[in-house]
> 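Structure incoming, see below.
Since we're looking at a predicted model, the values are computed, not measured.
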Protein chains: 2
Amino acid sequence: MTPSPAETRPPARAATIYEVARLAGVSHQTVSRYMADRSKLKASTSEKVERAMAELNYSPNLTARSLRTKAAYRLLALVPGSSPYFPSRMLNGAAATARKAGYHLDVVALEGAGPERTERLRRILDGGPFAGALSFVPISGTDLLQAQERIPVVVAGEYDDKMRGQGRISDGSAAQAIVEHLAGLGHRRIAHIAGPQEWPAARNRLAVYRKAVHDAGLEDGGVAEAEWSAASGYAAGQILLAKPSFTAIFAANDHLAIGAIRALHDHGLRVPADISVVGWDDHPESAFLVPSLTTVHMDLEAQGSRAMEQLLAALNPGRAPAPEPGPPGMRLVLRESSGPAPSPGQAD
Amino acid sequence: MTPSPAETRPPARAATIYEVARLAGVSHQTVSRYMADRSKLKASTSEKVERAMAELNYSPNLTARSLRTKAAYRLLALVPGSSPYFPSRMLNGAAATARKAGYHLDVVALEGAGPERTERLRRILDGGPFAGALSFVPISGTDLLQAQERIPVVVAGEYDDKMRGQGRISDGSAAQAIVEHLAGLGHRRIAHIAGPQEWPAARNRLAVYRKAVHDAGLEDGGVAEAEWSAASGYAAGQILLAKPSFTAIFAANDHLAIGAIRALHDHGLRVPADISVVGWDDHPESAFLVPSLTTVHMDLEAQGSRAMEQLLAALNPGRAPAPEPGPPGMRLVLRESSGPAPSPGQAD
DNA sequence: CACAATTATGTGATCGATAACATCGTGCGT
DNA sequence: ACGCACGATGTTATCGATCACATAATTGTG
């Protein structure tokens with residue numbers, strides 16, 4: 001992909017509110033009022049303004065408005081800089097909700113670690129003004145406090161400190177469904193490849209897995225922690241296979257599951273005949289792998305939208321969050337990679 | 001991922017240049033000069049200003065600056081709204097280059113088609129001011145012209161109109177390497193699953209594939225066009241398999257290749273024993289599939305950075321583009337999915 | 001020492017849109 | 001007929017940082 005030289009024609013100078021006012025034969029304040037609430041204008045005045053704006057292809061200078069009103073029209077979404085891909089649909093959901101509330105959503109990657117990360121975050125915020133920020137990446141406590149001195153920040157996926165009465169621990173509940181599904185297939189030991197524990201999603205999946213295993217009276221299948229990648233899933237699979245006492249693996253996301261399947265393959269193990277594998281995320285291509293992957297489907301757009309609703313609620317304490325859109329937006333999708341536990345003779 | 005309620009402490013009011021000036025005991029213009037070029041200040045004055053700024057944790061209000069200078073400090077990157085993943089690494093490359101040039105890069109998804117897409121683009125641009133835009137998605141001619149009436153726009157991946165002397169048709173050349181690799185393995189008919197042809201990347205890969213097949217004197221293996229997804233690759237694989245006259249498939253990206261491998265599997269065909277498959281993009285998980293995928297590795301960060309250099313060159317006609325960072329950033333990575341063509345008896 | 005040039009700093013205006021305050025016209029009630 | 005209230009519109013000030021012009025201080029030269 002070699003980009004083309006742009007046509008370097010100088011852009012047209014944007015029309016100002018004074019030019020619209022002159023053309024319409026009204027004051028600039030009337031034009032401003034038209035934009036704010038046209039019902040407050042006489043119909044004839046309103047038409048004159050509308051025509052002048054159309055003729056000049058006028059759009060308001062939002063920085064000027066922002067400066068005067070001290071209200072920012074942009075929201076910030078922070079995404080991981082280090083992972084190769086981030087699900088667009090989650091961002092699309094967040095962006096659509098932001099747009100409905102009248103905001104523009106700007107997506108910026110937050111990279112680095114330690115002081116470098118702190119500085120990077122500061123510089124991102126300097127590029128404001130932002131009305132608020134929605135972070136899809138973990139933010140350390142001190143970074144979060146510093147950011148919140150400037151603007152409201154919501155870290156998607158974090159729970160409030162009380163952890164109680166949260167009927168909506170939706171993120172973990174599907175891990176229970178996984179454990180129950182595998183137990184129903186006869187699996188007594190289920191290993192877990194967990195994501196990096198600074199991520200709430202990884203922590204919550206691990207916590208619910210542990211509880212579900214305990215509640216179902218299953219034996220310890222082992223846990224290995226990994227980064228969010230197939231390579232890391234492969235390495236974790238190798239670690240787990242050093243003690244192959246499990247007949248199923250629950251991987252914290254689909255990429256981890258891909259890596260685990262590869263590790264099993266390299267050990268001459270068949271999926272799911274010898275060991276079942278379950279992922280999370282239901283990437284579009286997961287249905288087409290060989291074997292196709294049993295996984296947790298998330299309505300990513302709804303998740304993104306819900307996260308944005310929380311930020312909007314924080315921006316406007318009087319604003320009622322939009323009603324929950326229905327079911328939790330997660331379901332276990334059964335495919336080829338999970339099947340009955342092998343009989344004891346076959347496991348050896 | 002249920003987001004947490006934000007701590008709703010009201011953000012501190014940002015310090016203004018007048019407050020810094022008063023604290024430092026100088027005029028506001030001296031503070032401005034300090035920021036513009038501190039060498040023009042006496043050392044003692046410079047120190048006073050620096051101390052006051054640090055004490056007040058001052059950062060300039062960029063919208064006020066932008067309004068006065070009429071120079072935008074933000075660049076826009078347009079990414080696809082419809083594809084499942086957000087191309088983080090390419091954007092990281094672009095963002096780092098933008099940052100070095102003193103710009104903030106805001107990433108926005110461009111969705112929709114036809115008039116809806118045009119309107120969406122207009123609204124995105126209304127959220128400016130942007131100094132320029134770098135698009136990683138196709139933009140129709142009229143949309144592009146309209147955007148360029150406002151700001152310089154570079155569409156990554158498009159070639160200039162002359163298409164000549166472009167020694168750097170780097171995007172297509174790897175398709176030649178693929179065809180040569182497969183021909184070297186004895187494949188006489190190589191099918192191609194092409195991406196959507198409004199994308200320059202898809203067009204270019206198809207064009208170079210055709211030329212390379214012709215130059216190598218190979219027979220027609222068939223072409224099927226698809227969207228950028230595994231599902232679409234699966235469907236295209238089915239179409240190609242209605243006339244199974246090929247022994248290899250070159251898929252325009254890795255997701256297409258995954259779908260194709262699945263289609264072959266469902267037809268009882270083995271990869272690569274019966275049919276070889278080659279992808280493009282080298283997603284990190286591609287090395288861990290079963291079979292691991294032969295694919296084209298692209299240095300996505302370098303590609304993004306190069307695209308941004310082109311936009312910066314368009315913004316500043318006197319600016320020399322940064323030197324090319326070395327090799328083209330693409331190479332064919334051989335893995336398990338490609339192998340020798342089956343002997344004629346085995347192909348049936 | 002005086003004058004001119006240069007360096008350093010200060011005062012006021014400006015950018016585009018909205019907030020704040022002012023003015024005009026009309027309709028209604030007494 | 002007159003006064004008051006309300007709707008509609010206009011004039012002026014403001015937001016924060018830089019531009020433009022003005023003033024003060026210092027340095028160099030004859």
Side-chain angles (χ1 to χ4, degrees), chain A residues 11-50 52-53 56-74 102 125-131 150, chain B residues 11-50 52-53 56-74 102 125-131 150:
Chain A
R13 219 208 62 246
T16 69
I17 202 169
Y18 298 95
E19 287 163 317
V20 175
R22 189 165 45 241
L23 184 59
V26 298
S27 73
H28 70 279
Q29 177 62 39
T30 297
V31 178
S32 186
R33 284 195 185 99
Y34 172 87
M35 290 191 279
D37 181 359
R38 73 192 59 172
S39 69
K40 289 190 177 161
L41 268 58
K42 283 196 323 209
S44 60
T45 308
S46 185
E47 282 161 15
K48 283 193 291 186
V49 172
E50 185 163 350
M53 285 170 74
L56 294 172
N57 199 26
Y58 171 77
S59 65
N61 184 324
L62 296 183
T63 68
R65 178 184 289 174
S66 187
L67 180 61
R68 183 63 187 84
T69 62
K70 301 192 167 209
Y73 64 93
R74 292 160 64 209
L125 292 175
D126 282 352
F130 298 109
R150 301 173 64 156
Chain B
R13 220 206 62 246
T16 69
I17 202 170
Y18 298 94
E19 287 164 317
V20 175
R22 188 163 46 242
L23 184 61
V26 298
S27 73
H28 69 278
Q29 178 59 38
T30 298
V31 178
S32 186
R33 285 196 185 100
Y34 172 87
M35 289 189 281
D37 181 0
R38 72 191 62 171
S39 70
K40 287 188 175 162
L41 268 59
K42 281 196 326 208
S44 61
T45 309
S46 185
E47 283 161 12
K48 283 193 293 187
V49 173
E50 186 163 349
M53 283 169 76
L56 294 173
N57 200 25
Y58 171 76
S59 63
N61 182 324
L62 295 183
T63 68
R65 178 185 287 174
S66 186
L67 180 62
R68 185 61 188 85
T69 62
K70 299 191 169 213
Y73 64 93
R74 293 160 63 210
L125 292 174
D126 282 352
F130 297 110
R150 299 173 66 157

> Would you please say whether a donor-acceptor pair under 3.5 Å links the side chains of B:T30 and B:S27?
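A pair is found: one side chain offers a donor N or O, the other an acceptor, under 3.5 Å apart.
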> Any donor-acceptor pair under 3.5 Å linking the side chain of B:S66 with the backbone of B:A71?
yes
> In whole Å, what is the span from the CD1 atom of A:I17 to the P atom of C:dG16?
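In whole Å, C:dG16 P and A:I17 CD1 are 11 Å from each other.
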> Report yes if a side-chain nitrogen or oxygen of B:T63 is closer than 4.0 Å to either non-bridging phosphate oxygen (OP1 or OP2) of D:dA17; otherwise report no.
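No.
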> Just how far, in rounded Å, is C1' of C:dT9 from NZ of B:K48?
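Atom NZ in B:K48 sits about 10 Å away from atom C1' in C:dT9.
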> With a 4.0 Å cut-off on heavy atoms, is B:L62 in touch with a base, just the backbone sugar-phosphate, or nothing at all?
nothing
> Rounded to whole Å, how long is the line connecting atom NZ of A:K40 with atom P of D:dC6?
15 Å
> Starting at CG of B:N61 and ending at P of C:dG16, how long is that distance when rounded to a whole Å?
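After rounding, the gap between these two atoms is 16 Å.
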> For A:T69 and A:R65, indicate whether the former's side chain and the latter's backbone hold a donor-acceptor pair under 3.5 Å.
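Yes; judged by distance alone, with no hydrogens or angles, the pair exists.
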> Write down the distance between CE (B:M53) and C1' (D:dA17), rounded to a whole number of angstrom.
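Answer to the nearest Å: 12 Å.
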> Considering only nitrogen or oxygen atoms on both sides, find all protein atoms under 3.5 Å from nucleotides 11-15 of chain C and state each distance.
residue, atom, partner, partner atom, Å
C:dG12, O6, B:H28, NE2, 3.1
C:dT14, O2, B:R68, NE, 2.6

> Rounded to whole angstroms, how far apart are CG on B:D37 and C1' on C:dT9?
15 Å
> In whole angstrom, what separates A:R22's CZ from C:dG16's P?
12 Å
> Within the structure shown, what part of the strands sits under 4.0 Å from A:V31 by heavy-atom distance: base, sugar-phosphate, or nothing?
nothing
> What is the distance from CZ of B:R65 to P of C:dG16, rounded to the nearest Å?
18 Å
> Identify the heavy atoms of A:A14 and A:E19 that sit nearest to each other, and give their distance.
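Closest approach of A:A14 to A:E19, heavy atoms only: O-OE1, 4.2 Å.
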> Quick one: does A:Y73's side chain have a donor or acceptor within less than 3.5 Å of a partner on B:G127's backbone?
yes
> Please classify the nucleic acid contact of A:T45 as base, sugar-phosphate, or nothing, using heavy-atom distances under 4.0 Å.
sugar-phosphate
> Please check if the side chain of A:E47 supplies one atom and the backbone of A:S44 the other of a donor-acceptor pair under 3.5 Å.
no
> With sugar-phosphate meaning primed atoms plus P, OP1 and OP2, does B:Y34 contact a base, only sugar-phosphate, or nothing at under 4.0 Å between heavy atoms?
nothing
> What heavy-atom pair brings B:D126 and A:S59 nearest, and what distance separates the two atoms?
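Looking at all heavy atoms of both residues, the closest pair is OD1-OG, 3.2 Å.
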